[in-house]
Q: 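Shown below is the structure under consideration.
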There are 2 protein chains.
Amino acid sequence: MIETESKPKYEKAYRTILDRLKSGRYQIGMRMPTEGELAGQFGISRVTIRRALDMLVKDGYVESRQGSGYRVLTLSPASDTCLTSFTDAMLRAGHEPTTRLVSLTTLPLGAKDLALLPPDLQREPVMRVTRLRAVDGVPRMVVNTFVPARLMPDAGPADFPEKGTDQSILRILGRRFGLEWSAACEDISPFVADAAVAALIGVSSGSALLRQACTAFAEDGSLVFYEDVYRTGSVSFNLSRQGRSTKA
Amino acid sequence: MIETESKPKYEKAYRTILDRLKSGRYQIGMRMPTEGELAGQFGISRVTIRRALDMLVKDGYVESRQGSGYRVLTLSPASDTCLTSFTDAMLRAGHEPTTRLVSLTTLPLGAKDLALLPPDLQREPVMRVTRLRAVDGVPRMVVNTFVPARLMPDAGPADFPEKGTDQSILRILGRRFGLEWSAACEDISPFVADAAVAALIGVSSGSALLRQACTAFAEDGSLVFYEDVYRTGSVSFNLSRQGRSTKA
DNA sequence: TTATTAAAGTTGTTCCTACAAGTCTGTTCC
DNA sequence: GGAACAGACTTGTAGGAACAACTTTAATAA
């Protein structure tokens with residue numbers, strides 16, 4: 001990423017520490033270098049490194065204890081949203097996720113299917129990626145991902161790996177197509193499996209499933225992708241209360 | 001709250017500004033006082049007031065633009081979790097929420113129903129509050145709230161208002177019983193309505209509903225309450241991407 | 001060998017200062 | 001009247017410093 005030079009120092013520090021964390025350089029539970037040490041390593045002030053560390057705490061990767069130091073909590077916080085990688089979550093839990101690309105279709109302007117999408121996606125051709133996700137061989141969810149076709153030029157089946165960490169749609173959109181997003185809204189509702197979804201997932205028609213509809217936006221507010229997921233099981237979240245309280 | 005003296009200055013500023021915001025002193029869309037003005041009003045430094053404002057931004061209440069100032073986005077960010085008040089959301093949307101207290105029961109140690117609760121709630125008597133929530137007269141959800149009985153001494157039906165803002169369980173637990181919590185985990189799954197829930201909500205048995213199970217914790221990690229919600233419709237979230245990017 | 005205490009180390013809070021970068025307002029000129 | 005520019009104002013980033021509060025470590029005494 002050539003643009004790292006334009007990022008503030010605390011942002012670069014945040015990313016670098018996060019990379020170290022995710023690469024295993026800091027193990028879960030182990031104490032991280034102190035604020036002073038990190039400030040020295042990055043050549044920045046303690047105030048600036050604290051901003052980066054504060055973000056890591058807020059994002060759930062590390063915990064801090066006054067007088068004791070920072071420890072790694074997790075390499076990937078557990079929240080089951082469209083912005084967290086299902087692939088990574090399954091791999092971390094010792095399962096084997098796989099993906100089957102069911103279809104890759106460009107929906108032209110005026111296509112009937114466009115009518116069901118958010119309005120922002122109805123003004124231009126849209127790429128629809130339909131995939132069946134499975135865990136340890138057992139189908140778990142049908143995922144339809146819609147992206148403005150202009151953001152995924154020359155997309156083909158080879159762009160959608162079916163094994164390993166690269167099968168994550170977040171990683172595909174980010175690395176292969178260079179897309180970035182910073183916010184999303186998600187809607188979860190009960191869904192009675194119709195014949196098509198039931199056949200894909202391997203449940204009987206009429207089964208109760210969950211439907212997750214998620215719209216992700218770029219910093220400038222433009223829509224990056226829309227995802228429609230039909231899944232068995234449940235989704236889980238870690239939440240923090242608004243109007244927080246201080247540690248006793 | 002007598003303990004405000006022990007909170008850091010940035011925390012007090014955060015709460016005061018949030019109170020002003022929620023009380024309507026700052027209207028949605030209007031520009032708030034500048035950092036310098038607020039620092040002066042609170043008698044603290046610009047750095048400290050920025051910490052409070054930063055929290056308000058992160059929590060979704062205000063937005064800031066360099067050179068332009070801070071504006072109020074919302075008086076209550078829209079996310080449909082057990083930590084956000086359904087009552088407040090409905091009132092804000094111009095609907096009339098009401099609540100019927102179905103039962104208020106103390107489950108003693110060893111009670112069969114305790115077996116289905118989180119382990120932390122199985123070690124002591126638990127208060128179970130069952131309520132039916134409705135919007136504009138239409139039943140929407142059945143809510144079972146479980147709290148260690150010792151945290152709700154002398155609880156009675158009079159403690160659970162059925163109209164207005166005070167019907168919010170978050171407000172009841174907070175104000176009437178002085179409970180505080182700072183984190184929660186929530187799990188959403190599909191639920192096929194059994195006869196009891198179906199009768200309460202007014203749907204046919206076998207209907208697909210959503211089940212929200214939520215466990216809230218205090219700062220010290222102890223369990224404050226557990227909530228089990230069966231609801232029609234959907235839940236929605238606002239999410240921010242982890243590993244954020246800087247504004248262009 | 002164990003317990004206590006002091007010192008050292010670490011995070012948390014707060015302040016002041018300086019400057020960068022963006023926005024807004026007012027004035028001047030065409 | 002509109003455009004351009006300058007100045008003022010505002011937020012954003014960064015550093016250094018000081019001290020509070022908590023934890024850890026080492027030394028000393030019993």
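Worth knowing before you read on, the calculation uses all heavy atoms, side chains too, and leaves out hydrogens, waters and symmetry mates. Residue numbers start from 1 in every chain, and the chains themselves are labelled A, B, ... in the order their sequence lines are given, proteins ahead of strands.
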Q: Just to verify, which of Arg50(B), Arg51(B), Lys58(B) counts as forming a side chain to side chain donor-acceptor pair (under 3.5 Å) with Asp54(B)?
A: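 Single side chain to side chain donor-acceptor pair (under 3.5 Å) partner of Asp54(B) among Arg50(B), Arg51(B), Lys58(B): Lys58(B).
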
Q: Please report, rounded to the nearest Å, how far the C1' atom of dT23(C) is from the CD atom of Glu63(B).
A: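 Result: 14 Å.
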
Q: Starting the side chain at C-beta, find the nucleotide from dG16(D), dT13(C), dC24(C) nearest to Arg51(B).
A: dT13(C)

Q: Assign Leu53(A) to base, sugar-phosphate, or nothing according to its heavy-atom contacts below 4.0 angstrom with the strands shown.
A: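 No contact.
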
Q: Look up atom CZ in Arg65(A) and atom OH in Tyr70(A), then write down how far apart they are to the nearest 0.5 Å.
A: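 Answer rounded to 0.5 Å: 13.5 Å.
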
Q: Side chains of Glu186(B) and Gln212(B): is there a donor and an acceptor less than 3.5 Å apart?
A: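 Yes, Gln212(B) and Glu186(B) have a side-chain donor paired with an acceptor closer than 3.5 Å.
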
Q: Please determine whether a side-chain nitrogen of the Lys or Arg among Asp159(B) and Arg176(B) lies less than 4.0 Å from a carboxylate oxygen of the Asp or Glu.
A: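 Salt bridge flag = yes for Arg176(B) with Asp159(B).
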
Q: Over how many whole Å does the gap from Gln66(B) atom CD to dA8(D) atom P extend?
A: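 My rounded result for the distance is 19 Å.
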
Q: Will you find, in the side chains of Tyr14(B) and Asp59(B), an N or O donor that is under 3.5 Å from an N or O acceptor?
A: yes

Q: Between dT11(D), dG12(C), dT14(C), which nucleotide has the shortest distance from any of its atoms to the side chain of Pro8(B)?
A: dT14(C)

Q: Choosing from dT14(C), dT13(D), dT24(D), which nucleotide comes nearest the side chain of Ser68(A)?
A: dT24(D)

Q: Once you round it to whole Å, what is the distance between P of dC15(C) and CD1 of Ile44(B)?
A: 6 Å

Q: If I take atom NZ in residue Lys7(B) and atom C1' in nucleotide dG12(C), what distance separates them, rounded to the nearest angstrom?
A: 15 Å

Q: Measuring from the side chain of Arg46(A) (C-beta onward, heavy atoms only), which nucleotide among dA14(D), dT11(D), dT11(C) has the closest atom?
A: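 So the side chain of Arg46(A) is nearest to dT11(C).
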
Q: Quick one: is Tyr10(B) getting a side-chain N or O under 4.0 Å of the dC15(C) phosphate, OP1 or OP2?
A: no

Q: Would you mind telling me which residue lines up with the more 5' stretch of DNA chain C, Val47(A) or Gly36(A), judged by nearest nucleotide?
A: Gly36(A)

Q: Is any side-chain N or O of Lys9(B) closer than 4.0 Å to OP1 or OP2 of dC15(C)?
A: yes

Q: Would you kindly give the CG-to-P distance between Asp54(A) and dT13(C), to the nearest whole Å?
A: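 Interatomic distance, CG of Asp54(A) to P of dT13(C): 9 Å.
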
Q: When the distance from CD of Glu35(B) to P of dA8(D) is rounded to whole Å, what number comes out?
A: 20 Å

Q: Would you say Arg65(B) places a side-chain N or O within less than 4.0 Å of OP1 or OP2 belonging to dT23(C)?
A: yes

Q: Taking the side chain of Thr34(B) as heavy atoms from C-beta outward, which of dG16(D), dT11(D), dG12(C) is closest to it?
A: dT11(D)

Q: Does a nitrogen or oxygen in the side chain of Tyr70(A) sit under 4.0 Å from OP1 or OP2 of dG12(C)?
A: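 Yes, because at least one side-chain N or O of Tyr70(A) sits under 4.0 Å from OP1 or OP2 of dG12(C).
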
Q: For dT13(D), does either OP1 or OP2 sit under 4.0 Å from a side-chain N or O belonging to Thr48(A)?
A: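 Checking dT13(D) against Thr48(A), no side-chain N or O comes under 4.0 Å of OP1 or OP2.
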
Q: Could you state the atom-to-atom distance from CD1 of Ile49(B) to P of dT10(D) in whole Å?
A: 15 Å

Q: Whole angstroms only, please: what is the CZ-P distance between Arg50(A) and dC19(D)?
A: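 From Arg50(A) CZ to dC19(D) P: 18 Å.
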
